Amino acid sequence: MDSRKIYAIWKKQIKDTLKNKEILIQFILFPLLTAVMQRSMNIEGMPENYFISLFATMYIGMAPLTAMAAILSEEKERGTLRVLLMSNVKAGEYLIGTGGYVFMICTLGALFFGILGHYRGADLAGFVLAMCVGILISLLLGAAIGVRSKGQMAATSIAVPVMMVLSFLPMLASFNEKIAKVSKFLFSQQCSKIMEGIGLHAAKAESMVIIGSNFLVVILLFTFCYRRYGLE
């Protein structure tokens, strides 16, 4: 694995992100909304850091998934991915470089959420770690969609309903018991539960099992898509 190539891929993705508003907005929309809502809304009886947990969960389900799917599908549609692969850049190097870039940007977003929620020390580390686990699973799911899709339109048609399920079901679960029974099997819901329990030392065994199961399923899905469709 050539670190110089991965660094070059990072530089390319940074430039592309600054040009692509659809991808850029995925990284900054929810952190900004959280900052605004956290400072301007103060409803009596509302749980502490309610908006932090709410928007952090939506961020997990949307930003890494849609960004990764959009980047891969756009590169394939424009033919730039084929050029990269013909320029002595291995498929693994490209995926690690691109995925690492998206993961890094989203982790910075997770740190912003944690600081905005006034978490400190071990609580901040636990909060960011919970988000990073969700970000990683969401990123791999987005990569599977991007690899599977021939172009941006095909990727969007799959990514949008998936991200809506991952992002909005945990929110709706607090208002509907039937939705809660379904949502509990999503990694985004379990990451949300862990974030809400930061500092309370709540039991997390069930959450860990469900998150681990989700991770395994997404790994298998990505492996299947990559082996069948590759990066061509």
Side-chain angles (χ1 to χ4, degrees), residues 1-34 55-78 80-81 84-85 89-114 127-149 151-152 154-156 158-160 162-164 166-167 187-188 191 211 214-215 218-219 221-223 225-226 229-231:
M1 199 68 65
D2 192 334
S3 59
R4 291 174 298 179
K5 293 179 184 177
I6 294 176
Y7 175 68
I9 291 170
W10 276 40
K11 288 178 64 177
K12 176 184 181 302
Q13 296 302 345
I14 290 172
K15 292 178 181 178
D16 289 349
T17 299
L18 294 175
K19 295 177 183 178
N20 192 327
K21 294 180 181 179
E22 293 182 4
I23 296 177
L24 181 62
I25 199 171
Q26 294 296 328
F27 294 138
I28 64 175
L29 176 62
F30 287 109
L32 288 178
L33 280 175
T34 306
F55 287 115
T57 304
M58 296 177 74
Y59 186 76
I60 288 172
M62 287 190 183
L65 188 152
T66 55
M68 195 65 182
I71 290 172
L72 288 178
S73 60
E74 182 182 17
E75 297 267 29
K76 291 173 71 174
E77 186 172 344
R78 291 168 55 189
T80 51
L81 185 50
L84 283 172
L85 296 178
V89 174
K90 298 178 181 178
E93 292 171 335
Y94 174 78
L95 288 171
I96 290 174
T98 303
Y101 163 73
V102 173
F103 184 80
M104 180 195 71
I105 297 296
C106 290
T107 298
L108 291 175
L111 182 61
F112 179 84
F113 278 107
F127 181 89
V128 173
L129 179 60
M131 282 198 68
C132 283
V133 171
I135 287 167
L136 179 60
I137 299 175
S138 184
L139 185 153
L140 288 169
L141 186 54
I145 294 171
V147 169
R148 168 64 179 81
S149 306
Q152 295 179 76
T156 299
I158 301 173
V160 169
V162 172
M163 77 172 188
M164 291 184 69
L166 294 174
S167 300
F187 69 89
S188 53
C191 288
I211 289 172
N214 276 227
F215 182 72
V218 171
I219 284 286
L221 177 62
F222 172 76
T223 302
C225 291
Y226 180 73
Y229 301 100
L231 293 179

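Side chains included, hydrogens not; waters and symmetry mates left out as well; all remaining heavy atoms used. When a residue number appears, it is its place in the shown sequence, counting from 1. Every value quoted in this text rests on a predicted model; they were computed, and no experiment measured them.
For the pair L136 and F215, the minimum side-chain heavy-atom distance is below 4.5 Å.
With rounding to the nearest 0.5 angstrom, the CE atom of M163 is 6.0 Å from the OG1 atom of T66. Taking CZ from F127 and CG from L111, the interatomic distance works out to 10.0 Å, rounded to the nearest 0.5 Å. Distance check: L129 CG to T107 OG1 gives 10.0 Å after rounding to the nearest 0.5 Å. To the nearest 0.5 Å, atoms CG (L140) and SG (C225) are separated by 11.5 Å. Between atom CG of residue L72 and atom CD of residue E74 there is a gap of 10.5 Å, rounded to the nearest 0.5 Å.
Residues P31 and F112 share a closest heavy-atom pair of O-CE2, 3.3 Å. For S73 against G151, the heavy-atom pair with the smallest separation is CB-O, 3.5 Å. Summarising the geometry of S149 relative to I158, their closest heavy-atom pair is OG-CD1, 4.1 Å, with the distance given to 0.1 Å. Between M68 and L139, the shortest heavy-atom distance links the atoms CG-O, 3.6 Å. Between V162 and L141, the closest heavy-atom pair is CG1-CD2, 3.7 Å. Between I145 and A159, the shortest heavy-atom distance links the atoms CD1-CA, 4.0 Å.
Legend: residues meeting side-chain contact (heavy atoms from CB on, under 4.5 Å) with S188, ordered by chain and number and at least two apart, are T57, L166, P170, L186.
At least one donor-acceptor pair under 3.5 Å links the side chain of S138 to the backbone N or O of I60. Side-chain atoms of T98 never come within 3.5 Å of backbone atoms of L95 as a donor-acceptor pair (strictly under, hydrogens ignored).
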